[in-house]
Visitor: 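Okay, handing you the structure first.
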2 protein chains.
Amino acid sequence: MENSAVKTIDRLVDLLDYFTQGHDAVSLAELSEYLELPKSTLHRFLVSLESHGILRRGANDKKWRPGYHLIVWGSIAAENSAIREIAKPFMSELVTASGEMAILTVYHAHEVVCIEMTETNHPVRLNMKVGEQRAAHAGASSKALIAFLPEEEIMAIVKDKGLPKLCTNTITDVAALKAELARIREQGYSHSLEETDPGAWGVATPIRDWTGRVVGALGLAGPTLRYSDDKVKEYAALCLGYASRIATALSTPGKNSNNQ
Amino acid sequence: MENSAVKTIDRLVDLLDYFTQGHDAVSLAELSEYLELPKSTLHRFLVSLESHGILRRGANDKKWRPGYHLIVWGSIAAENSAIREIAKPFMSELVTASGEMAILTVYHAHEVVCIEMTETNHPVRLNMKVGEQRAAHAGASSKALIAFLPEEEIMAIVKDKGLPKLCTNTITDVAALKAELARIREQGYSHSLEETDPGAWGVATPIRDWTGRVVGALGLAGPTLRYSDDKVKEYAALCLGYASRIATALSTPGKNSNNQ
DNA sequence: AATTTAATTCCATTATATGGAATTTCAACA
DNA sequence: TGTTGAAATTCCATATAATGGAATTAAATT
């Protein structure tokens with residue numbers, strides 16, 4: 001519910017994020033209440049969005065849903081991310097080397113977004129998908145990303161989202177989180193065990209651009225049945241190696257025009 | 001460059017579609033010219049979009065790119081599509097039964113959008129991805145979708161996009177296209193051979209909701225080295241079977257609230 | 001068929017986006 | 001390191017585009 005220079009955009013974001021929050025079909029009345037907008041104003045707005053395919057209406061119920069145009073833009077945005085394009089082949093190698101799924105994430109708006117994922121063939125796998133948003137305070141990738149944010153930003157996240165207990169080992173205390181982030185900065189990688197999902201662990205390392213800024217995180221994740229302390233070390237080393245290769249590729253001005 | 005009730009939304013769509021048209025990073029000046037907007041107006045707009053993660057700026061150049069928030073919304077939109085969710089398991093079966101990749105498409109804004117895709121393990125595969133837009137006049141899926149549109153809509157597509165020759169066998173004549181669409185309505189499925197991509201063929205069938213409206217197309221596609229007339233018939237029969245099963249599942253009011 | 005509830009349209013009003021001009025920033029080159 | 005030029009950014013009086021209360025229509029519900 002931020003306030004930017006263009007009100008209509010703020011409104012659009014609030015509206016679409018309502019779907020992100022788990023609602024999949026909403027009526028005009030429901031939205032009118034949620035957005036605190038008169039139905040007339042909102043209706044005009046929704047019809048406009050529908051005409052562009054940003055929203056679509058159910059054939060039976062007349063409820064509003066996210067439209068197909070969003071899929072197109074999402075695909076373009078994913079495609080257009082330099083880090084993603086560059087990381088892709090390395091992620092395949094990483095999966096082959098480790099046997100676990102690789103995840104590429106970026107920090108965005110107090111949360112962490114998965115922008116690429118390479119699966120394994122293991123019968124036991126985790127459920128993650130591109131575009132998925134996760135809490136910034138829990139899980140290896142999240143911690144690897146926020147560990148390198150300025151202190152104020154971390155506090156802003158905590159203030160905004162709190163530190164909800166998502167799983168057995170979620171860090172729910174600010175002091176503990178800060179200590180953990182310091183440890184991550186120290187050792188250069190993060191790991192987690194059942195911080196977000198029961199039965200899952202993760203390892204992740206930051207990816208830096210040529211200025212040293214952390215622009216993403218490279219992670220591995222798997223089920224606890226394939227977990228051990230030794231593996232964490234081994235996987236961390238693997239991630240560190242590939243993250244540094246991705247960083248190098250990122251800063252090499254090749255044919256791609258996407259300077260992050 | 002449509003005109004809806006809310007100007008800002010029209011503008012947003014024009015802007016984001018600039019990226020869809022193959023540009024991956026643009027300057028304020030370039031956009032200002034393209035959108036025919038004064039830089040001051042545009043600048044305010046862009047900054048607003050950036051603040052919401054709809055756009056992001058390169059760290060080096062100051063060019064504008066699609067932002068990560070779009071990935072999140074795209075993922076939600078894909079997720080939230082009843083037909084996609086329902087079709088998914090059937091598509092896996094279809095891939096197993098046929099050995100070729102399955103594609104689920106919908107018609108949107110004079111084009112065809114891929115909303116789901118199930119790959120094969122074949123070393124030779126096609127390059128298709130979720131969110132990809134394709135021309136509405138060429139390829140099996142496209143034809144299966146537009147064959148059931150009202151005549152005016154087809155003419156609107158032709159007027160808007162023309163019938164560009166995309167590959168060896170692209171239909172570039174309106175009369176021929178109409179005849180082909182009539183044939184497709186007749187036999188209930190479409191097929192194509194090198195209409196969009198060299199070395200590729202496809203077969204597709206419409207998927208209908210309980211009202212009989214065509215809400216998507218289910219297709220198979222593969223390389224010409226695995227093509228024959230017999231296979232087309234065989235694959236068409238497979239697609240028809242699964243499309244009808246998807247249609248049934250669509251009209252069965254289950255737990256899912258997405259009535260298309 | 002009547003009643004309730006939700007969606008849609010209308011239009012005078014006002015808040016909001018507008019854009020020309022001034023200012024600042026940045027990069028390239030001397 | 002200073003100079004120039006081409007961008008981006010800010011400012012603010014103005015016009016215009018979004019606003020929302022009230023009336024109308026459509027769709028459920030009894």
Side-chain angles (χ1 to χ4, degrees), chain A residues 1-16 18-19 23-52 54-65 67 209-211 213 251 253 257 259-260, chain B residues 1-16 18-19 23-52 54-67 209-211 213 253 257 259-260:
Chain A
M1 207 124 315
E2 288 87 309
N3 244 51
S4 82
V6 185
K7 213 175 176 180
T8 308
I9 297 301
D10 298 348
R11 207 164 271 182
L12 174 75
V13 173
D14 285 348
L15 164 60
L16 291 181
Y18 191 63
F19 294 110
H23 305 86
D24 46 52
V26 293
S27 66
L28 175 69
E30 182 180 349
L31 270 179
S32 165
E33 183 172 0
Y34 172 69
L35 295 172
E36 297 178 352
L37 283 176
K39 287 178 188 169
S40 54
T41 304
L42 186 60
H43 181 259
R44 189 164 2 89
F45 186 60
L46 296 176
V47 169
S48 166
L49 293 172
E50 184 188 26
S51 78
H52 290 295
I54 297 173
L55 295 180
R56 68 193 162 88
R57 254 185 287 198
N60 311 334
D61 57 15
K62 306 184 69 174
K63 293 193 175 176
W64 299 90
R65 301 179 164 73
D209 68 7
W210 63 277
T211 67
R213 201 168 60 98
S251 58
S257 58
N259 303 279
Q260 141 69 203
Chain B
M1 204 122 316
E2 286 90 310
N3 244 50
S4 81
V6 185
K7 211 175 177 181
T8 307
I9 296 301
D10 298 348
R11 205 163 274 182
L12 175 75
V13 172
D14 286 347
L15 164 61
L16 292 181
Y18 192 63
F19 294 110
H23 305 86
D24 47 52
V26 293
S27 65
L28 175 69
E30 182 181 351
L31 270 179
S32 165
E33 183 170 0
Y34 172 70
L35 295 172
E36 296 178 351
L37 282 176
K39 286 179 190 169
S40 53
T41 304
L42 186 60
H43 182 258
R44 193 167 356 92
F45 187 58
L46 296 176
V47 169
S48 166
L49 292 171
E50 184 189 26
S51 79
H52 289 296
I54 296 173
L55 295 179
R56 68 194 162 89
R57 253 186 286 200
N60 311 334
D61 56 17
K62 306 183 70 174
K63 293 192 173 178
W64 300 89
R65 300 178 164 75
D209 68 6
W210 63 277
T211 67
R213 201 169 60 97
S257 57
N259 303 277
Q260 141 71 207

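Proteins come first, then strands; the chains are lettered A, B, ... in the order of their sequence lines, and each starts at number 1.
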Visitor: Rounded to whole angstroms, how far apart are CG on Leu28(B) and P on dT25(C)?
Guide: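 Distance check: Leu28(B) CG to dT25(C) P gives 17 Å.
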Visitor: Choose from dG19(C), dT8(C), dA8(D) the nucleotide whose nearest atom is closest to any side-chain atom of Lys39(A).
Guide: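 Nucleotide nearest to Lys39(A)'s side chain: dT8(C).
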Visitor: Of the listed nucleotides (dG19(C), dG21(D), dA7(D)), which one gets closest to any side-chain atom of Ala29(B)?
Guide: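 From the listed options, dA7(D) comes nearest.
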Visitor: Rounded to the nearest 0.5 Å, what separates atom CG in Leu55(B) from atom CG in Leu12(B)?
Guide: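 Those atoms lie 8.0 Å apart.
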Visitor: Counting only side-chain heavy atoms from C-beta out, which of dA17(C), dT19(D), dT10(D) sits nearest to Lys7(A)?
Guide: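 Closest nucleotide to the Lys7(A) side chain: dA17(C).
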Visitor: Rounded off to whole Å, could you give me the CZ-to-C1' distance for the Arg11(A) and dT16(C) pair?
Guide: 11 Å
Visitor: Ignoring the backbone of Thr41(B), work out which of dT8(C), dT18(C), dG20(D) is nearest its side chain.
Guide: dT18(C)
Visitor: Between dA6(C) atom C1' and Arg57(A) atom CZ, what is the distance in whole Å?
Guide: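 Result: 13 Å.
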Visitor: Nearest 0.5 Å, what's the CD-CH2 distance between Glu30(A) and Trp64(A)?
Guide: 13.5 Å
Visitor: Nearest of dT10(D), dT18(C), dT9(C) to any side-chain atom of Ser40(A)?
Guide: dT9(C)
Visitor: In whole angstrom, what separates Leu31(A)'s CG from dT8(C)'s P?
Guide: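 The answer, rounded to whole Å, is 12 Å.
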Visitor: Nearest of dT8(C), dA18(D), dC11(D) to any side-chain atom of Thr8(B)?
Guide: dA18(D)
Visitor: Ile9(B) has an atom CD1; how far is it from atom P of dA17(C), in whole Å?
Guide: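 Going from CD1 in Ile9(B) over to P in dA17(C) covers 12 Å.
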Visitor: Just verifying a value: how many Å separate Leu49(A) CG and Ile54(A) CD1, rounded to the nearest 0.5 Å?
Guide: 5.0 Å
Visitor: Grab the CZ-P distance between Arg44(A) and dA7(C) for me, whole Å please.
Guide: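 Answer to the nearest Å: 16 Å.
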Visitor: Rounded off to whole Å, could you give me the CG-to-C1' distance for the Asp10(B) and dT18(C) pair?
Guide: 16 Å
Visitor: Drop me the distance from Arg11(B)'s CZ to Leu42(B)'s CG, to the nearest 0.5 angstrom.
Guide: 8.5 Å
Visitor: dA17(C) P sits how many Å from His43(B) NE2, rounded?
Guide: 16 Å
Visitor: Given 3.5 Å as the limit, does a donor-acceptor pair link the side chain of Thr8(B) with the main chain of Thr8(A), or not?
Guide: no
